Amino acid sequence: MSDSNFVPVSIPSHGYDMHTHSLRSDGTLTPSELVQRAYAAGVRVLALTDHDVTDGIAEAQVAACRLGIRLIAGVEVSVTWQSQTLHIVGLNISPDRSELQQGLARLREFRQWRAEEIGRRLRKKRIEGAYEGAARLARGTIISRTHFARFLVDQGYVRGPQQAFRQFLARGQAGHVPGRWAALEEAVQWIVSAGGRAVVAHPARYKLSAGKLRQLLGEFRECGGAAIEVISGSHTPDANRHFAGIAREHGFLASAGSDYHGPQKTWMDLGRLPALPDGCVPVWQDWERSGLRAEDLVLSPQS
Ligand code: AMP
Ligand code: MN
Ligand code: MN
Ligand code: MN
């Protein structure tokens with residue numbers, strides 16, 4: 001594009017979504033469907049961040065190119081930190097780097113064993129066929145607790161996924177198997193080795209005390225972590241504000257993501273994220289320009 005054609009454009013705040021899932025993990029849309037829906041909802045810079053797997057990125061990239069929007073290659077890595085499960089999102093990764101892929105392969109192996117173990121534990125509660133049911137719903141990709149929740153709903157054991165987690169799958173319940181995921185420093189290292197930025201996903205969900213949070217963020221920075229997810233579809237507005245303050249105070253970049261899993265809307269729909277509060281430095285600050293067509297940026301239905 002020549003300078004004379006340059007149109008200064010600005011992407012509205014809901015035009016960035018740095019955290020979404022496809023059916024390559026526990027979402028329900030194909031990567032192409034996800035990209036199309038995101039585009040229709042006004043998203044112009046979209047990260048696909050499936051759990052422990054990057055298989056959907058190539059397809060999402062093709063769909064994004066067709067629509068002229070920017071696809072950020074991402075992943076959501078499962079981490080065990082002080083016997084608690086945390087999620088670290090990697091953004092703008094080169095997915096085919098071997099250190100990352102070997103690490104993710106190890107997590108998927110644990111995930112497979114864990115799925116079988118969840119099945120055995122639920123059988124003791126007289127729930128038959130849970131592993132097979134969850135595996136069927138996962139359609140050959142990673143098996144998540146989300147698939148067990150859908151199985152329990154489909155079979156009438158619970159009324160909805162929230163109840164499935166509360167009653168069977170959450171920590172302390174019969175079907176819960178403690179994680180043996182990546183160490184925090186491993187997850188960050190895999191992401192950094194793939195050229196990406198590591199982001200603490202949905203920090204409000206861990207319900208850490210102020211002291212533990214400070215410790216986590218200290219270790220995270222120490223091993224190369226770059227950002228925290230200030231805005232999450234699973235946060236309350238108060239939590240968004242709180243973590244905006246934390247990001248500013250600790251000098252982390254700020255991310256925003258819906259954590260969209262499909263039209264059944266676990267948390268929030270696409271294209272509805274509020275703006276990052278003042279003073280936050282967006283994690284995407286140096287990514288947004290490339291690969292975008294100006295005409296797409298001004299068509300957002302909600303701007
Ligand atoms: P897993 O990585 O297999 O342990 O599954 C974690 C996933 O379960 C998360 O990424 C969410 O998609 C989903 N999840 C966790 N807690 C809940 C909940 N209370 N209600 C609905 N989905 C949940
Ligand atoms: Mn999920
Ligand atoms: Mn998560
Ligand atoms: Mn997620």
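FYI, the numbering just counts along the sequence from 1. Just so it is clear, the structure is predicted and the values come from calculations on it, not from any experiment.
- Checking each of Thr30, Asp50, Asp55 against Ser22 for a side chain to side chain donor-acceptor pair (under 3.5 Å) leaves exactly one that passes, namely Asp50.
- Between the His21 side chain and the Thr49 main chain, a donor and an acceptor come within less than 3.5 Å of each other.
- Residues Glu219 and Trp81 bring a donor and an acceptor atom of their side chains to less than 3.5 Å of each other.
- When only modelled atom types and interatomic distance are considered, Thr28 and Glu33 share no side-chain donor-acceptor pair under 3.5 Å.
- Taking the six-membered ring wherever Trp is involved, the centroid distance between the rings of His235 and His242 does not fall below 6.0 Å.
- Between His147 and Asp26, the side chains place no donor N or O within less than 3.5 Å of an acceptor N or O (distance only, hydrogens not considered).
- Annotation: cation-pi geometry not satisfied between Arg120 and Tyr131 (NZ/CZ under 6.0 angstrom from ring centroid, within 45° of ring axis).
- A ring-centre distance under 6.0 Å is found for Trp181 and Phe110.
- Defined by atom type and a distance below 3.5 Å, a donor-acceptor pair is missing between the side-chain atoms of Glu185 and Gln189.
- Distance alone, capped at 3.5 Å, is enough to place a donor-acceptor pair between the Arg145 side chain and the Leu169 backbone.
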**Report entry** Stepwise side-chain hydrogen bond (donor to acceptor under 3.5 Å, both in side chains) check, Glu76 with His87
**Finding:** CA-CA 6 Å; Glu76 185 172 15; His87 288 169; 2.9 Å; yes

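- No side-chain donor-acceptor contact under 3.5 Å links Gln84 and Lys212.
- Using the six-membered ring where Trp is involved, Trp284 and Tyr16 have ring planes that are parallel, under 30° apart on the 30 and 60° scheme.
- Side-chain contact, Glu59 with Ser32: a donor N or O sits under 3.5 Å from an acceptor N or O.
- Residues passing the salt bridge (charged side-chain N to carboxylate O under 4.0 Å, His left out) test with Arg205, sequence neighbours excluded: Asp259.
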Could you give the side-chain donor-acceptor pairs of residues 88-97 under 3.5 Å, partners two or more places apart or in another chain?
none

